[in-house]
Amino acid sequence: MSKTRTRRMVGQLPSNVLAAYDKVIHHQLSKNYIEPVYVDDVNKGHYLPHRAVKCPESASSPIRIVYDCSAKLGNDFLSLNSCLDTGPLLLNDLTAILMRFRANPVALFSDIEKAFLQIRLAEDDKQYTKFLWLFDPTDINSPFVTYQFTSVLFGAMCSPFILNAAIKTLMNNHNNNDSASVRDLQHNIYVDDVVTVVI
């Protein structure tokens, strides 16, 4: 996303959305999901465009920021997603999960909070997740800050594989005691959702 487009996008946002947008950026920064790039080599890496998506069902998060990994600068350029491999499909069979879910009178449902963001990127890969944000979004002429993700971001086509591989590796490494909980998770997790039953 160019600096001109970013300024234009910021200038078009209502003040309440702009404040929420900036709050999300600073929350990601405080959680170390992103970090500032102090010395940015513009000839290396990749810059991601981003935009706000309203989340009316969430009282605590009125917007979500979407980073567009499929965006291209033009026809002669590649998007980040066009450079990534999706990896093999590691998802459990959703039909089987739902059949087990419906077969018992008491069911449990949960998800892994911010699952993708819990997985750290390799140092060399961070430069491909750069994005721009204004130092002071209330001043459209304030300088830009370059950030980059330190974690796997939702929207990259390899992210589901990375998440599922990490979860499976974690469960396999902690199944030495033949834990019933681990066995249950191995069969009843779908992406970051756990759908299981009480027997």
Would [X] end up clustered with [Y] when hydrophobic side chains under 4.5 Å apart are linked, directly or stepwise?
X      : Y      : answer
Leu89  : Met157 : yes
Val42  : Leu132 : yes
Leu153 : Ile112 : yes
Phe109 : Met99  : no
Met171 : Phe116 : yes

To the nearest 0.5 angstrom, please state how far the [atom1] atom of [X] sits from the [atom2] atom of [Y].
X      : Y      : atom1 : atom2 : result
Thr146 : Trp133 : OG1   : CH2   : 13.5 Å
Asp193 : Ile97  : CG    : CD1   : 9.0 Å
Phe161 : Leu90  : CZ    : CG    : 5.5 Å
Leu117 : Leu163 : CG    : CG    : 10.5 Å
Asp22  : Leu134 : CG    : CG    : 9.0 Å
Leu48  : Ser70  : CG    : OG    : 10.0 Å

For a ring pair (Phe, Tyr, Trp, His ring centres under 6.0 Å) with Tyr67, tell me which candidate from Tyr33, Phe149, Phe154 qualifies.
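Among the candidates, only Phe149 passes.
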May I ask you to decide if [Y]'s main-chain N or O and [X]'s side chain share a donor-acceptor pair within less than 3.5 Å?
X      : Y      : result
Asn81  : Asp68  : no
Thr150 : Asn32  : yes
Gln127 : Asp124 : yes
Asp192 : Asp111 : no
Gln118 : Glu113 : yes

At their closest point, which heavy atom of [X] faces which heavy atom of [Y], and how far apart are they?
X      : Y      : value
Val191 : Ile167 : O-CD1, 3.6 Å
Cys69  : Ala156 : SG-N, 3.7 Å
Ser82  : Leu78  : OG-CB, 3.4 Å
Leu18  : Pro137 : CD2-O, 3.3 Å
His187 : Arg100 : O-NH2, 2.6 Å
Ser79  : Ala71  : CB-O, 3.2 Å

State, with a plain yes or no, whether a side-chain heavy atom of [X] is found less than 4.5 Å away from one of [Y].
X      : Y      : result
Phe131 : Ile25  : yes
Ile189 : Asn92  : yes
Tyr47  : Asp40  : yes
Tyr190 : Leu91  : yes
Leu94  : Val195 : no
Val194 : Leu108 : no

Would you mind telling me which of Arg64, Arg51, His50 makes a side-chain hydrogen bond (donor to acceptor under 3.5 Å, both in side chains) with Tyr21?
His50
Please identify which of these residues, Arg120, Glu35, Gln28, meets the side-chain hydrogen bond (donor to acceptor under 3.5 Å, both in side chains) condition with Ser151.
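Testing Ser151 for a side-chain hydrogen bond (donor to acceptor under 3.5 Å, both in side chains) against Arg120, Glu35, Gln28 leaves exactly one candidate, Arg120.
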Can you tell me if CZ on Phe135 sees more than 12 non-hydrogen neighbours from other groups inside 6.0 Å?
no
Got more than 12 heavy atoms from elsewhere within 6.0 Å of OH, Tyr128?
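Count not over threshold, so no.
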What do the steps show when you test Phe77 against His46 for ring pair (Phe, Tyr, Trp, His ring centres under 6.0 Å), and what is the final call?
CA-CA 11 Å; Phe77 295 88; His46 186 85; 9.9 Å; no
